[in-house]
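Here the structure is a predicted model, which means the values were calculated and not measured.
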Amino acid sequence: MLGNPSSVVPVVVSGADVVYVYDPSSGGYEETTTLQPRQGAFVYSATSNQVTLTPDTGKSGSPASTLRGQE
């Protein structure tokens, strides 16, 4: 699990094979690559041990946070 710590800026998740967020309107999980402010997700990576969150400000920016898996 991981979450977007920002209260105002969405983040793009990279380095994961799949990212799932819960959608209460459909009552299920949906695949995504972007987390809205303060949104959490289940993330799975079979091939990489690093997942990166990058602010989605419409511009290229530096990663907001990098999570390293344990080998």
Next item on the list: Decide side-chain contact (heavy atoms from CB on, under 4.5 Å) for T33 and V19; before the verdict, give the C-alpha distance in whole Å, the side-chain angles of both, and the deciding distance to 0.1 Å.
Entry: CA-CA 6 Å; T33 57; V19 179; 6.0 Å; no
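- A continuous path of hydrophobic side-chain contacts links V43 to V11 [ILVMFWY only; heavy atoms under 4.5 Å].
- In this structure the side chain of L2 reaches within 4.5 angstrom of the side chain of L35, judged on heavy atoms.
- Here the CG-OG1 distance, from D17 to T47, works out to 4.0 Å after rounding to the nearest 0.5 Å.
- Here the closest non-hydrogen pair linking T34 and D56 is CG2-OD2, 4.3 Å.
- When atom types are taken as modelled, the side chain of S45 and the backbone of G15 share a donor-acceptor pair closer than 3.5 angstrom.
- Across every non-hydrogen atom of V21 and A41, the tightest pair is CG1-CB, 3.8 Å.
- When every heavy atom of P10 is checked against every heavy atom of V8, the shortest pair comes out as CD-O, 3.9 Å.
- Within the 4.5 Å cutoff, side-chain heavy atoms of L53 are placed close to those of V13.
- In this structure, the separation between OG on S6 and CD on Q36 is 10.5 Å, given to the nearest 0.5 Å.
- Between Y44 and A46, the shortest heavy-atom distance links the atoms OH-CB, 3.3 Å.
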